[in-house]
Amino acid sequence: MNKPVLLAVDDDPQVLAAVRRDLRSRYRNAYSVLSAESGAEALATAKELKSRGDALAMLISDQRMPGMLGVEVLARSREIYPLARRVLLTAYSDIDAAVRAINEAHLDHYLSKPWNPPEERLFPVIDDLLDAWQAESLPEAKGLRLVGHQWATRSHEIKDFLASNLVPYRWLDAERDPDARALLDAAGIGADALPALFLEDGSVLSNPEPRQVAERLGRSLSAAFDVYDLVVVGAGPAGLAAAVYGASEGLRTLLLDRHAPGGQAGSSSRIENYLGFPAGVSGSELTRRALAQAQRLGAEFLVPLEVTGVSIDGGYKRLALSDGGELVTRTMLAATGMVYREHPAPGVAEHTGAGVYYGAATTEGPVFSGRRVLVVGGGNSAGQGAMYLARYAKEVDIVVRRESLRETMSQYLIEQIDKTPNIRLRPRTDIASVEGDGRVERVTLRAVHDGSCRTEEADAVFIFIGTRPRSDWLPDEVLRDVKGFVLTGRDLMADEAFSRTWKEPREPLLLETSVPGVFAAGDVRAGAMNRVASAVGEGSLVVHLAHAYLALT
Ligand SMILES: Cc1cc2nc3c(=O)[nH]c(=O)nc-3n(C[C@H](O)[C@H](O)[C@H](O)COP(=O)(O)OP(=O)(O)OC[C@H]3O[C@@H](n4cnc5c(N)ncnc54)[C@H](O)[C@@H]3O)c2cc1C
């Protein structure tokens, strides 16, 4: 296979020569650098590369070109190479246009000319974008391959585990992909042993549990120390931030997660409002960076590992683990966030993983290319899910009980949805039932105003109908509000059980729960703001509070 391509586009021969020279000087060993003098030529080159089966890693286009503006070239290139990174070269006077075009063209970065010195202004950006591209794309013939039945719950579970843990893999449908049959025959694996995971060393795992997969991928599953200063339960944004600060500020820190790093944010296809990312950032990219940062600074990370209970033993907290083990720590952070609420309609539970998915748009989206899918819910997560699915599916219907999305979704997402021709809003509608033989084939929709029903063909239903806190693993001494969110700081004082539980001669610290040295941050906490930035802020603050608690004991 040929090297992946970096394609530069500019009608100005001098600028084009400068981009080509700088890119070649640094990337020529791993990438081919090609150039085009117009948007039309660039798109033709991209099509030709595609037809040859080559990979396009990045397109860098000048904005001002006769015939086709850079923004249009980048937007149109998405149809050919959806994963390629897109960079716009702008003059200072075009920066407003570049910012406005972030949504349209899905720009990853805009770079003002000139970019001297390239070591400071060009290479760091390109390195970062190429790392992200590498993490998402996988050459055809290499790497992990997962062969299974699309509609089997275990297939979905392993796909979700690999994708959420940022492990690149190639999915092969046992029924539709000719390569799948050849692989299974060669390894002598029957249909009853699926899904099968083919590893790079030639070995195969038949119908594995996520934990076995983690083990074979060399992930650490047991703690290195007997006692920790800080154990962070849950590796969403709050937990990742606590791990970064805990490790960097001298606490022996362990982070663990029952499923994967990133939490809810990890399932977001595009976080638009996190400070410092003007072009937005995907949840998986933010997670990849945060986890690398936490581990580089010395935090230990274990996955998949669930905390099932906690007992308080003097100043120590003993955490019971799903593998039967135990962890001991002096302070603990509950950063276990929220989970999607289940939809009660008949047929939903039976088809979960077989066409019904909670969140999971980014894991399953590509499978539904050219098909019809429904998104249930009117919040921002439903909007982001619909936008992501619309890249692949022929039709995406958003099913909401309300008249419109105005009260529940951010305006920027409503505008994006309005401009996306294959997304349709189905207002004042609910799911009455889901039917199909082993997978979703039909969905019955009910009109909210008169209860009339109508059955339609559909291939998948993605559900985003709100969440509930994940706090049931905490002991009774950790007080919660009526909905199960964990009370912290001054909010505790209003709870009548507080005076019976709290025996310290001081008030609880800001994010401390009713058990001294046990903290809560992010979405699991009563009064949380339910945003990535606030979860990150709270997780970081907990480290300062943990130091204060340790100084008192
Ligand atoms: C699809 C989607 C899109 C979103 N988009 C945006 C956006 O654009 N901007 C924005 O600001 N916010 C967005 N949000 C909200 C944001 O993602 C959340 O507010 C944020 O993730 C909360 O972080 P957290 O760390 O508190 O919890 P979570 O992200 O919920 O993470 C909790 C983690 O704890 C783990 N866990 C749970 N129980 C246990 C246990 N017993 N043992 C071990 N591990 C456990 C879970 O597996 C999970 O990984 C979005 C949410 C979703 C679902």
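In listed order, ligands and their atoms are each counted from 1.
- Nearest approach of G484 to S471, heavy atoms of both residues: O-OG, 2.6 Å.
- Residue-to-ligand polar distances keep A533 apart from ligand 1: every N/O pair is separated by 3.5 Å or more.
- Look at R289 and E285 and you find a salt bridge, because one of the NZ, NE, NH1 or NH2 atoms lies within 4.0 Å of a carboxylate O, short of that distance.
- Contacts of Q384 with ligand 1, taken as heavy-atom pairs under 4.0 Å, involve the side chain alone.
- In this structure, atom 34 (O) of ligand 1 lies nearest to the protein heavy atom G234 CA, 3.2 Å.
- Heavy-atom distances between L305 and ligand 1 reach below 4.0 Å in at least one pair.
- Of the possible donor and acceptor atoms, none in the side chain of T253 sits under 3.5 Å from a partner among the backbone N and O of A243.
- Below 3.5 Å of separation, one finds no N or O of Y412 facing any N or O of ligand 1.
- For atom 38 (N) of ligand 1, the nearest protein heavy atom lies closer than 4.0 Å.
- If you check which protein heavy atom lies closest to atom 43 (C) of ligand 1, you get R258 N, 3.3 Å.
- Distances between N or O atoms of N273 and those of ligand 1 include at least one value under 3.5 Å.
- For atom 52 (C) of ligand 1, the closest heavy atom belonging to the protein is S381 CB, 3.7 Å.
- Looking at heavy atoms from C-beta onward, V375 lies out of side-chain contact with D397 at the 4.5 angstrom threshold.
- Under a 4.0 Å criterion applied to the non-hydrogen atoms of T336, ligand 1 contributes the atoms 32 (C), 34 (O), 36 (N), 37 (C), 38 (N), 39 (C), 40 (C), 45 (C).
- The backbone N or O of V478 sits nowhere less than 3.5 Å from a side-chain atom of T513 that would complete a donor-acceptor pair.
- Within the 4.0 Å heavy-atom cutoff, P261 does not count among the residues contacting ligand 1.
- Across all their heavy atoms, V303 and H259 have their closest contact at CG2-O, 3.3 Å.
- Remark: ligand 1 atoms within the under-4.0 Å shell around heavy atoms of V233 are 42 (N), 43 (C).
- Counting heavy atoms from C-beta on, the side chains of E209 and R154 come closer than 4.5 Å.
- Under a 4.0 Å criterion applied to the non-hydrogen atoms of L256, ligand 1 contributes the atoms 43 (C).
- Only side-chain heavy atoms of R470 come within less than 4.0 Å of ligand 1; its backbone N, CA, C and O stay farther off.
- Annotation: atom 27 (O) of ligand 1 to nearest protein heavy atom, G337 CA, 3.4 Å.
- Note on ligand 1: N380 sits outside its first shell, no heavy atom being nearer than 4.0 Å.
- When non-hydrogen atoms are compared, ligand 1 lies under 4.0 Å from the backbone of P237 as well as from its side chain.
- Nearest to atom 26 (O) of ligand 1 among the protein's heavy atoms is D523 N, 2.8 Å.
- The protein atom (non-hydrogen) at minimum distance from atom 29 (O) of ligand 1 is Q264 N, 2.9 Å.
- Polar contact check, S267 against ligand 1: no nitrogen or oxygen pair lies under 3.5 Å apart.
- The backbone N or O of T488 lies less than 3.5 Å from no partner atom in the side chain of E512, so there is not a single donor-acceptor pair.
- D257 places no side-chain N or O within 3.5 Å of a backbone atom of P261 that could act as its donor or acceptor partner.
- Contact atoms of ligand 1 toward N530: 15 (C), 19 (O) (distance under 4.0 Å to a heavy atom of the residue).
- Atoms of ligand 1 lying under 4.0 Å from any heavy atom of A535, numbered from 1 in the order shown and given with element: 23 (O).
- Counting only heavy atoms of the protein, atom 49 (O) of ligand 1 lies nearest to D257 OD2, 2.6 Å.
- A distance-only check finds a donor-acceptor pair linking the side chain of T408 to the backbone of G378 [under 3.5 Å].
- Each of the atoms 1 (C), 53 (C) of ligand 1 lies under 4.0 Å from some heavy atom of Y340.
- Protein non-hydrogen atoms do reach within 4.0 Å of atom 2 (C) of ligand 1.
- For the pair R252 and D229, the salt-bridge criterion is not met [side-chain N within less than 4.0 Å of a carboxylate O].
- Protein heavy atom in closest approach to atom 25 (O) of ligand 1: A238 N, 2.9 Å.
- Ligand 1 lies nowhere less than 4.0 angstrom from a heavy atom belonging to Y274.
- Side chain of R480 to main chain of L474: a donor-acceptor pair is present (N/O by atom type, distance under 3.5 Å, no hydrogens or angles).
- Contact annotation: for F462 versus ligand 1, there are no heavy atoms closer than 4.0 Å.
- For a threshold of 3.5 Å applied to N or O pairs, the pair formed by V307 and ligand 1 contains at least one separation below that value.
- Taking the side chain as every heavy atom from C-beta outward, R78 and R86 approach each other to under 4.5 Å.
- Annotation for ligand 1: atoms under 4.0 Å from non-hydrogen atoms of A260 are 49 (O).
- At least one donor-acceptor pair under 3.5 Å links the side chain of H547 to the backbone N or O of E249.
- Using a 4.5 Å heavy-atom threshold, the side chains of V367 and K159 count as touching.
- Between M409 and I417, some side-chain heavy-atom pair lies under the 4.5 Å cut-off.
- Atoms of ligand 1 found under 4.0 Å from any heavy atom of A335 (numbered from 1 in listed order, with element): 32 (C), 33 (C), 34 (O).
- By the 3.5 Å distance cut-off applied to N or O atoms, A265 is counted among the residues near ligand 1.
- At least one donor-acceptor pair closer than 3.5 Å links the side chain of T308 to the backbone N or O of A320.
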Inset, instruction - Given side chain to side chain contact (heavy atoms under 4.5 Å, CB included), test I463 with I431 step by step and report yes or no. - result: CA-CA 10 Å; I463 300 177; I431 301 277; over 6 Å; no
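- Neither the backbone nor the side chain of A528 has a heavy atom within less than 4.0 Å of ligand 1.
- A donor-acceptor contact shorter than 3.5 Å links the side chain of N422 to the backbone of A390.
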